[in-house]
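Structure first, then comments.
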Amino acid sequence: MAVVDVHRFAESITCHAWSPDHSMVALCPNNNEVHIYKSSEDQWERLHVLEKHDQLVSGIDWSSKSNKIVTVSHDRNSYVWSLEGGEWVPTLVILRLNRAALCVQWSPKENKFAVGSGAKTVCICYYEQENNWWVSKLIRKRHESSVTSVAWHPNNILLATTSTDGKCRVFSTFIKGVDTKDSKAGSPAESKFGEQILQLDLSYSWAFGVKWSPSGNTLAYVGHSSMIYFVDDVGPSPLAQSVAFRDLPLRDVGALYF
């Protein structure tokens, strides 16, 4: 029988992310702060409070290799947090948004991260070594409503998004000088940054969480209608199937193991 550990961190939690070894968790207690807790024996100890955002923190991701935390907020900004001398030091990332940032995820190589927003755009952020700052490029015009979730393909180039317009899309995020030609394998040969590779119109309601399988051959996303959609052979002629549930609307996809 599985053992479940229950701990009440806050009255409400907006978003969270686990540390690489799962010994710590970063969460937003439904305000403009991020609290970092560490598991100690049978209790959770609060170690840090990250305070830089002016409004609700809507997305957190903790990189597994570089041990950096990225946060986004309704204040339309993002911060990359680095642990230096026992303290988390923030670096501001200007997203150039006119609406709230809603979600964020590091790329597999952790040299980029993607931010979905209420401005119908996706920001692809990367680090410019020569200028020592993070910059962003925007994928515009394709989404007809807020971008609710983003997911990176294992090749570090393709990005899947879901939106409240009910659609799931796949884009190329190839950035010259950041990505290599080898990492472009598996994406269309002439794909440019921001080019839409695929649009899926399977859902008749808001679309939320999206995930790729480890192989990158299968894509899954869920909708407000309690449906989960599986898409194989992502490309010009994808194969799709759906599964309906009777319960409340589905909000996210945990993981795919095939």
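For the single chain, residues carry numbers from 1 onward in sequence order.
- Side-chain atoms of S163 and S145 form no donor-acceptor pair, as typed in the model, at a separation below 3.5 Å.
- Interatomic distance, R142 CZ to T121 OG1, rounded to the nearest 0.5 Å: 14.5 Å.
- There is a path of hydrophobic side-chain contacts, each under 4.5 Å, that joins F245 to V222.
- One distance of note links CD of E195 with CZ of F171; it measures 10.5 Å at 0.5 Å rounding.
- With a 6.0 Å radius and a threshold of 12 heavy atoms from other residues, nucleotides or ligands, Q129 has its CD atom at or below the threshold.
- Taking the six-membered ring where tryptophan is involved, the planes of W81 and Y79 are tilted, since the angle between them lies from 30° to 60°.
- Residues L219 and A160 come closest through the heavy atom pair CD1-CB, 3.7 Å.
- In plain terms, the two heavy atoms of I69 and W88 that are nearest each other are CD1-CH2, 3.8 Å.
- V122 is listed as a side-chain neighbour of H143, based on a closest heavy-atom distance under 4.5 Å.
- Taken to the nearest 0.5 Å, the NZ atom of K192 stands 12.0 Å off from the NZ atom of K176.
- Ring orientation note: the planes of W134 and W106 are nearly perpendicular, at an angle over 60° on the 30°/60° scale.
- Aromatic rings of H16 and Y37 (six-membered ring for Trp) have centroids beyond the 6.0 Å cut-off, not under it.
- In this structure, NE2 on H53 lies 11.5 Å from CG on N31, to the nearest 0.5 angstrom.
- Looking at P20 and N67, their side chains come closer than 4.5 Å, going by heavy atoms from C-beta outward.
- A side-chain donor-acceptor contact under 3.5 Å links S226 to the backbone of L248.
- Looking at heavy atoms from C-beta onward, Y126 lies in side-chain contact with I175 at the 4.5 angstrom threshold.
- Here the SG atom belonging to C103 is positioned 11.5 Å from the CZ atom belonging to F208, to the nearest 0.5 angstrom.
- Shortest non-hydrogen contact noted between R99 and A119 is CB-N, 3.4 Å.
- In this structure the side chain of Y204 never reaches within 4.5 angstrom of the side chain of S225, judged on heavy atoms.
- Hydrophobic cluster membership differs between L97 and V135, with clusters built from Ile, Leu, Val, Met, Phe, Trp and Tyr side chains linked at under 4.5 angstrom.
- Checked by atom type, the side-chain pair S64/E110 shows a donor-acceptor distance below 3.5 Å.
- Shortest non-hydrogen contact noted between D252 and V210 is OD1-N, 4.2 Å.
- Remark: the backbone N or O of S23 is paired with a side-chain donor or acceptor of S19 at under 3.5 angstrom.
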Intermediate values then yes/no, side chain to side chain contact (heavy atoms under 4.5 Å, CB included), H224 and T164: CA-CA 9 Å; H224 197 72; T164 49; over 6 Å; no
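- At distances below 3.5 Å, not a single donor-acceptor pair connects side-chain atoms of S63 with backbone N or O atoms of K65.
- Contacts classified as salt bridge (charged side-chain N to carboxylate O under 4.0 Å, His left out) and involving residues 6-26 (residues at least two apart or in different chains) are given here: R8-E11.
- The hydrophobic clustering, which links ILVMFWY residues whose side-chain heavy atoms are closer than 4.5 Å, places V150 and L198 apart.
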Step-by-step side chain to side chain contact (heavy atoms under 4.5 Å, CB included) determination, W133 to I94: CA-CA 10 Å; W133 60 23; I94 303 297; over 6 Å; no
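- Residues V49 and H35 have side chains in contact (heavy-atom distance under 4.5 Å, counting atoms from C-beta outward).
- Below 30°, between 30° and 60°, or above 60°: for H7 and W44 the angle between ring planes is between 30° and 60°, a tilted geometry.
- In plain terms, the two heavy atoms of W152 and I157 that are nearest each other are CZ3-O, 4.2 Å.
- Linking Ile, Leu, Val, Met, Phe, Trp and Tyr whenever their side-chain heavy atoms come within less than 4.5 Å puts L92 and V34 in one cluster.
- Side-chain contact between C28 and L56 is present, with heavy atoms from C-beta onward closer than 4.5 Å.
- By the criterion of side-chain heavy atoms lying less than 4.5 angstrom apart, applied directly or through intervening Ile, Leu, Val, Met, Phe, Trp or Tyr residues, W62 is not grouped with L27; the two fall into different hydrophobic clusters.
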Trace of the side chain to side chain contact (heavy atoms under 4.5 Å, CB included) decision for H74 with V57: CA-CA 6 Å; H74 288 185; V57 176; over 6 Å; no
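- N111 pairs by the side chain to side chain donor-acceptor pair (under 3.5 Å) definition with S107, N156, not counting sequence neighbours.
- Put simply, the side chain of F193 reaches to within 4.5 Å of the side chain of K137, judged on heavy atoms.
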Side chain to side chain contact (heavy atoms under 4.5 Å, CB included) evaluation trace for I139 with I124: CA-CA 8 Å; I139 298 176; I124 306 299; 4.1 Å; yes
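- Across all their heavy atoms, Q105 and D61 have their closest contact at CA-OD2, 3.4 Å.
- Contact annotation: the side chain of S117 never approaches that of V147 to less than 4.5 Å [non-hydrogen atoms, C-beta and beyond].
- Listed by first and then second residue, the salt bridge (charged side-chain N to carboxylate O under 4.0 Å, His left out) pairs that reach into residues 113-128 come to none, sequence neighbours excluded.
- Remark: T162 OG1 to Y221 OH distance equals 9.0 Å, nearest 0.5 Å.
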